[in-house]
Every structure is written in structure tokens, then in C-alpha cells.
Amino acid sequence: MNYNEVWTLSVFFGVFIIWIAYYTASYTSYILGAFLFSFLFYLSGLLLFYKRKKEFIISKKKEKYANLQIEEDEINRLLSKLESTLKEQELFKNPNLTLPILAKKINIRPQLLSQLLNNNLNKSFSQFINEYRIEEAKILLQTETNLKIEIIAEKCGFNSNSTFYTAFKKVTNTTPAKYIQ
């Protein structure tokens with residue numbers, strides 16, 4: 001029995017008991033209604049306390065995109081189109097690149113692109129784009145040794161140095177300065 005069912009039953013029976021006490025008040029003491037109300041009020045409080053201690057199943061989390069599956073050949077086609085578009089047009093260098101902008105460039109719905117990245121690559125949009133940016137940064141760090149790291153971060157599409165350093169360390173497990181060495 002889940003929490004909502006328990007709560008509904010307790011409210012129903014509480015109202016029922018108070019109703020009975022009201023209609024039988026001529027046979028019993030008038031104070032019985034107040035006692036029953038207090039009893040049910042404290043019982044409801046205990047139920048809430050119990051809810052905090054015990055875990056009720058409130059609702060099951062729905063799996064994202066559970067009923068919208070993409071076919072395998074469609075996945076491969078979309079991934080190759082996505083990769084070729086990103087590499088040819090170097091869209092990842094745009095610091096203002098968003099999921100809807102990229103989806104428009106490859107002519108698919110933003111929801112479909114999000115599903116493709118999340119379900120098939122197990123990456124968020126920002127993780128996916130940052131990996132392309134870091135690969136470009138690695139190339140620039142090796143070939144353009146005279147450029148400052150901050151300039152390279154900007155050329156690769158990062159808005160801030162802290163974002164660049166965080167993403168670089170996450171992807172390569174090292175800092176840009178150590179990578180150069």
C-alpha cells in the first residue's frame with residue numbers, strides 16, 4: 001500500500017468516526033466528538049511521522065524516452081551525420097552553441113538529438129560538445145605552443161577559463177599545463 005492510499009484511508013475513516021460520534025452524541029457525552037477529533041488529529045500526525053521513518057512508494061520515476069525508441073540504423077545514420085556536421089563546420093567552436101541550434105543544423109528535433117545523446121552515447125549535450133572542444137584544445141596545445149592556454153580555450157569555444165580547465169581535467173584526467181609537458 002503506498003503513501004497516498006494510506007493517507008486517503010486514514011482521512012476517510014477519520015471523517016467516518018467523527019460523523020458517527022456526531023450522530024450518536026445524544027447517547028454519549030458531547031465531549032466524545034472532541035476526543036475523537038483529537039485522537040484522529042494525533043493519529044494523522046503519527047502517520048506523517050511514520051512516513052518520514054519508513055519509505056512509502058510515492059511514485060515510480062518514469063524512464064526518460066521509455067516509449068520512444070530509435071531504430072539501430074537510424075541511430076547510426078544520425079550519429080554519422082552529427083559527427084560529420086560538427087567536424088566539417090566546426091560548430092563546437094561556437095561558445096553559444098545550444099542543443100536546438102545543433103539540432104536545426106542537422107535537421108532533427110531537439111528532443112530526438114537529446115534522446116540520441118543520452119540513450120546511445122550516455123552523455124549530456126554539454127559533455128558531448130566539450131569532448132570535441134577538448135580534442136581541438138589538445139591539438140592546439142601541441143601545435144600552437146606560443147599561444148596562452150586562455151587563448152586556446154577561447155578558440156575552442158569555451159566561454160570561461162574555469163569551464164575549460166574543469167572540462168579538460170574531466171576528459172583527460174590532467175590539467176592543460178601538465179598535458180603540454
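Numbers here simply count residues along the sequence, with the first being 1. Worth knowing before you read on, the calculation uses all heavy atoms, side chains too, and leaves out hydrogens, waters and symmetry mates.
Listed by chain and number, the residues in a ring pair (Phe, Tyr, Trp, His ring centres under 6.0 Å) with Phe125 amount to none (sequence neighbours excluded). Legend: residues meeting ring pair (Phe, Tyr, Trp, His ring centres under 6.0 Å) with Tyr165, ordered by chain and number and at least two apart, are absent. Partners of Glu83 according to the salt bridge (charged side-chain N to carboxylate O under 4.0 Å, His left out) rule, which considers only residues two or more places apart in sequence or in another chain, are Lys87. When the side chain to side chain contact (heavy atoms under 4.5 Å, CB included) test is applied to Ile180, the partners found at least two apart in sequence or on another chain are Leu141, Ile149. Remark: Lys81 engages no residue in a salt bridge (charged side-chain N to carboxylate O under 4.0 Å, His left out) (not counting sequence neighbours).
Annotation: cation-pi geometry satisfied between Arg133 and Phe158 (NZ/CZ under 6.0 angstrom from ring centroid, within 45° of ring axis).
The shortest distance between side-chain heavy atoms of Leu116 and Leu121 does not fall below 4.5 Å. Within the 4.5 Å cutoff, the side chain of Thr98 has no heavy atoms near those of the Leu102 side chain. Leu99 has its side chain within reach of Ser114: a pair of non-hydrogen atoms, C-beta onward, lies under 4.5 Å apart.
Side-chain contact of Ser160 with Thr163: a donor-acceptor pair under 3.5 Å is present, judged by distance alone. Neither side chain, Ser126 nor Asn130, offers a donor N or O lying under 3.5 Å from an acceptor on the other.
Summarising the geometry, atom CD1 belonging to Ile108 is positioned 10.0 Å from atom CD belonging to Gln115; distances are rounded to the nearest 0.5 Å. Atom NZ in Lys155 sits 14.0 Å away from atom CD in Glu150 (nearest 0.5 Å).
Put simply, Ile152 and Tyr132 are part of two different groups of oily side chains (I, L, V, M, F, W, Y) that touch within less than 4.5 Å, one to the next. Hydrophobic cluster membership differs between Ile139 and Ile134, with clusters built from Ile, Leu, Val, Met, Phe, Trp and Tyr side chains linked at under 4.5 angstrom.
Across every non-hydrogen atom of Asn161 and Ala153, the tightest pair is OD1-CB, 4.2 Å. In terms of heavy-atom proximity, Pro110 sits nearest to Pro100 at CG-CA, 4.1 Å. In this structure, Pro95 and Asn159 approach most closely via the heavy-atom pair CB-OD1, 3.0 Å.
Surrounding CD of Glu131 are more than 12 heavy atoms belonging to other residues, nucleotides or ligands, all under 6.0 Å away. Annotation: Lys123, atom NZ; neighbour count of heavy atoms from other residues, nucleotides and ligands within 6.0 Å is above 12.
The side chain to side chain contact (heavy atoms under 4.5 Å, CB included) with Leu91 is formed by just one residue from the set Leu82, Ile101, Thr85; it is Thr85.
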Step by step, work out the side chain to side chain contact (heavy atoms under 4.5 Å, CB included) result for Leu112 and Leu78.
-> CA-CA 10 Å; Leu112 184 61; Leu78 290 173; 4.0 Å; yes

Begin with the C-alpha distance, continue with both residues' side-chain angles, and end with the deciding distance and a verdict on side chain to side chain contact (heavy atoms under 4.5 Å, CB included) for Leu140 and Leu147.
-> CA-CA 9 Å; Leu140 290 176; Leu147 289 178; 5.5 Å; no

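Judged as a side chain to side chain donor-acceptor pair (under 3.5 Å), the pairs with a partner in residues 136-146 (not counting sequence neighbours) are, in order, Lys93-Glu136, Glu135-Lys138, Gln142-Tyr179.
Note on ring orientation: taking the six-membered ring where Trp is involved, the planes of Phe168 and Phe164 are tilted (angle from 30° to 60°).
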